[in-house]
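Worksheet for the structure shown next.
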Amino acid sequence: MLKNLKQKTKTLIKGDESNGRIKWSLYIRVWNEIGRSYFKWLVAGIVFTILAAAAEAYTITLVQQVVDKAFIEKSMEAIYLLGIQVILAFGAKGTFTYAKALIMSKGGLQAYVRLQEKIYRHMTHMNLARFYGDGIGKNLNYFNVQAGAVLSLVTDNIIKLVQNVATLTMTLALMFYYAPQMCVVLLFLAPMIMIPMILIMRKRRKLSRQSFTIANNVTQQLNQTLLGIKTIQAFATEEREAKNFSRVLNTSVTNSYKSTQANALRSPLMEFMISIGLCVAMIMGGHFISSGAISTGDFTAFLLALTAAYKPAKSITGTGDSLQHGLLAAEILFAFLDSKPDIVDDPDAKVLDADKMSVAFDNVSFEYNPGEPVLTDISLKVPAGKVCALVGPSGGGKTTMFNLLERFYEPQMGKITINRTDIKKYTLKSLRENIAEVSQTVFLFNGSIADNIKYGNPNATHDQVVAAARAANAHDFIMEFPKQYDTSVGEGGALLSGGQKQRIAIARAILKDAPILLLDEATSALDTQSEKLIQAALGDLMQGRTTFVIAHRLSTILDADIICVIKNGRIIEQGTDAELVALGGEYKKLRDIQFKTTKQK
């Protein structure tokens with residue numbers, strides 16, 4: 001699925017150069033996603049836009065009357081009255097424009113929030129393989145770049161198009177009304193204007209496709225730097241990373257400059273074409289005035305209407321380009337929103353609800369990449385309430401077993417059961433609610449210590465939070481902070497030490513009170529004294545719970561009910577500590593090495 005989606009997105013970004021067209025179904029989809037909820041605001045905005053355009057057109061008719069009244073009839077009374085009407089017309093235009101801006105802003109913000117909420121919700125349900133495969137930068141662009149471009153189709157481009165079309169229509173109508181004979185001649189200039197505009201739009205469309213790829217690269221590079229700033233500084237590679245980022249930015253600058261070139265060419269080219277039209281209109285107008293075919297006021301109104309038509313005509317060509325850019329963003333965004341996660345609830349999935357839970361791996365094989373097995377034929381039965389320790393060299397597949405049990409990934413072969421039922425038959429929500437995990441890589445949310453401890457049990461009382469912290473040997477250091485449990489942990493827990501973060505993570509797992517417990521090197525960041533206290537707390541926590549422990553320090557798992565030695569993705573030994581020592585295999589070698597080293601120390 002991930003490979004197909006990436007290929008689809010790549011195709012969308014490259015575009016179909018054979019025709020460069022966007023399907024009409026895409027317009028409908030944009031309307032269904034945004035336009036429906038935005039409809040009342042859009043209609044109100046269109047009404048005020050048309051009224052503003054009508055007020056502007058009315059000022060042209062007033063100028064025609066002023067010219068004729070002043071230069072022909074020389075009626076000052078009429079001129080005074082027309083002057084008041086000019087003020088009222090411009091006032092009405094300003095009022096309508098102001099109302100349109102407020103309405104479109106209000107509705108646009110609401111529509112934008114709803115679209116971003118939908119993207120956010122989709123992201124939180126993505127499979128880990130898809131999330132990590134795309135990268136954080138690309139997903140952020142869905143949320144910001146594509147969402148903003150799609151929204152502008154309805155909130156900005158459509159209104160601009162309506163405004164420009166309404167203004168252009170009214171000004172053209174005035175031109176035909178005051179001097180139809182001149183309009184017939186000027187119509188022959190239309191192709192001279194449109195053909196170069198279309199060519200420029202095609203160039204801009206191609207550059208827009210490239211801009212999405214470049215935006216992804218820039219965001220990805222920046223995000224990688226922010227997440228890895230400590231590593232960058234530790235390796236003193238600031239200059240190297242700066243040069244890498246400069247190369248990405250230069251690509252973006254080059255693309256933007258080419259786009260600016262194409263866009264900048266449009267304005268002078270169109271102005272040149274309009275100047276030809278004005279020249280022709282002036283020559284023809286002089287001829288028609290001298291012959292008496294039109295009045296001076298009619299000719300003046302015609303010139304004003306022709307001049308007024310220039311701005312909306314120019315804007316329409318730019319709006320067409322923006323529409324194509326937004327529709328391309330919409331197609332990429334909708335491909336993302338339409339993607340379905342590989343791991344979903346079965347139609348007949350039931351809620352996992354039991355006090356005691358046995359877990360079994362039945363001939364499980366798994367690979368992240370085709371042809372590169374991580375786990376091979378794993379079979380393991382852990383009775384309810386028992387402790388199973390997974391030991392062995394790094395990279396053997398121990399953490400992958402945790403990922404499979406929580407259904408972050410699916411095995412290619414075999415199955416995992418809880419209480420003799422395939423975990424696929426349980427809802428994902430209930431499955432994960434019944435599992436608490438403490439990883440060696442702890443992630444804390446940017447908030448208070450209390451918020452992080454009760455993350456898995458948001459309704460917990462303060463007393464319950466404190467009790468969990470005491471059990472995790474975290475209460476004492478928490479009380480040393482000025483704000484105690486209200487202390488901010490910073491982004492990712494950056495304001496705490498590694499040991500403090502890990503104890504808060506253990507407290508979080510204790511408070512969740514789940515029947516299945518996963519401990520992945522849960523005490524790796526603790527000193528020896530704290531580790532002994534935490535081991536005692538974990539010992540109490542594991543009572544009555546089905547527990548899996550990944551440990552490199554064998555001293556922490558000697559009392560485990562089952563010890564599995566995993567090497568190269570296979571379980572090569574299984575039993576209790578005494579049984580495996582008596583076996584004299586891989587486990588005994590690891591045990592002898594560690595305890596010998598410990599004695600020497």
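As the structure is a prediction and not an experimental result, all values here were calculated from the model.
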Short side-chain to backbone donor-acceptor contact, Q464 and T461, under 3.5 Å
yes
Exercise. Apply side-chain contact (heavy atoms from CB on, under 4.5 Å) to the pair Q574 and C564, showing each step before the final yes or no.
Key: CA-CA 5 Å; Q574 185 177 154; C564 295; 3.8 Å; yes
(Q) Using the rule given for side-chain contact (heavy atoms from CB on, under 4.5 Å), can you reason through T576 versus E579, listing the C-alpha separation, both sets of side-chain angles and the distance that settles it, and then say yes or no? (A) CA-CA 5 Å; T576 63; E579 291 171 344; 3.1 Å; yes
- prompt: Is there side-chain contact between V391 and I566, with heavy atoms separated by less than 4.5 Å?
  reply: no
Regarding D345 and K424, does a basic nitrogen lie under 4.0 Å from an acidic carboxylate oxygen? no
Problem - K454 backbone acceptor or donor facing R508 side chain under 3.5 Å - result: no
* Can a donor-acceptor pair be found between the side chains of S448 and D486 at a distance below 3.5 Å? -> no
query = Can you find a pair of side-chain heavy atoms, one from F408 and one from L428, that are under 4.5 Å apart?
reply = no
- Do N363 and M413 have side-chain heavy atoms sitting under 4.5 Å apart? no
Heavy-atom nearest pair, I343 first then E410, reads CG1-CG, 3.4 Å
Residues E433, K429: salt bridge by 4.0 Å N-O rule: yes
Discussion item. Less than 4.5 Å apart, side chain to side chain, heavy atoms only: is that true for E117 and R121?
Written reply: no
Rounded to the nearest 0.5 Å, the NZ atom of K381 sits from the OG1 atom of T417 at a distance of 8.5 Å
Interatomic distance, CG@L431 vs CG@L352, rounded to 0.5 Å, equals 6.5 Å
- Message: Using modelled atom types and a 3.5 Å cut-off, is there a donor and acceptor pairing between side-chain atoms of Y426 and backbone atoms of I418?
- Response: yes
Considering residues, nucleotides and ligands other than N568, do more than 12 of their heavy atoms fall under 6.0 Å from its CG? no
All heavy atoms of L496 vs all of F481, minimum pair found to be CD2-CZ, 3.7 Å
For this session: Determine whether the aromatic ring centres of Y409 and Y368 lie less than 6.0 Å apart.
Result: yes
Separation between CG (L375) and OG1 (T400), nearest 0.5 Å, reads 5.5 Å
Give a yes or no on whether D561 atom CG has more than 12 heavy-atom contacts from other residues, nucleotides or ligands under 6.0 Å away. yes
Strictly distance-based, threshold 3.5 Å: is any side-chain N or O of K567 a donor or acceptor partner for the main-chain N or O of P393? no
Query raised in the report: Between E573 (side chain) and E586 (backbone), is there a donor-acceptor pair under 3.5 Å?
Result: yes
- Message: Using the rule given for side-chain contact (heavy atoms from CB on, under 4.5 Å), can you reason through D377 versus F361, listing the C-alpha separation, both sets of side-chain angles and the distance that settles it, and then say yes or no?
- Response: CA-CA 9 Å; D377 198 23; F361 287 74; over 6 Å; no
- Are the side chain of Q412 and the backbone N or O of E367 linked by a donor-acceptor pair below 3.5 Å? yes
Using modelled atom types and a 3.5 Å cut-off, is there a donor and acceptor pairing between side-chain atoms of T487 and backbone atoms of I449?
no
Task: L380 side chain reached by F548 side chain, heavy atoms, under 4.5 Å - done: yes
What one should report as the nearest heavy-atom pair of A505 and V438 is O-CG2, 3.8 Å
Note to self: Is it the case that the side chain of E372 and the backbone of N369 share a donor-acceptor pair, with hydrogens and angles ignored and the cut-off at 3.5 Å?
What the structure shows: no
So CG of D520 and CG of L390: to nearest 0.5 Å the spacing works out to 9.0 Å
Is a donor on one side and an acceptor on the other found under 3.5 Å between the side chain of S379 and the backbone of D362?
no
To the nearest 0.5 Å, atom OG1 of T547 lies from atom CD1 of I516 at 9.5 Å
Item to complete: Check the side chains of D577 and Y587 for a donor-acceptor pair under 3.5 angstrom, ignoring hydrogens and angles.
Response: yes
Taking the side chain as every heavy atom from C-beta outward, state whether L554 and L590 have any atom pair closer than 4.5 Å.
yes
In terms of heavy-atom contacts, Y485 and A469 come closest through OH-CB, 3.2 Å
> Is there a side-chain contact between L405 and I435 (heavy atoms, below 4.5 Å)?
Replying inline: yes
Notebook entry, point to check: For A360, does its backbone N or O pair with a side-chain atom of R420 as donor and acceptor, under 3.5 Å?
Noted result: no
All heavy atoms of K415 vs all of V364, minimum pair found to be O-CG2, 3.3 Å
task = Classify the ring geometry between F445 and Y455 as parallel (under 30°), tilted (30 to 60°) or perpendicular (over 60°).
result = parallel
**Message:** Under the criterion side-chain contact (heavy atoms from CB on, under 4.5 Å), I'd like the reasoning laid out for L517 against T546: C-alpha separation, chi angles, the key distance, then a yes or no.
**Reply:** CA-CA 6 Å; L517 185 62; T546 307; over 6 Å; no
Rounded to the nearest 0.5 Å, the CG atom of L404 sits from the OG1 atom of T399 at a distance of 11.0 Å
What one should report as the nearest heavy-atom pair of N419 and M357 is OD1-CA, 3.2 Å
**Asked** Do the side chains of L583 and K588 get nearer than 4.5 Å, heavy atoms only?
**Response** no
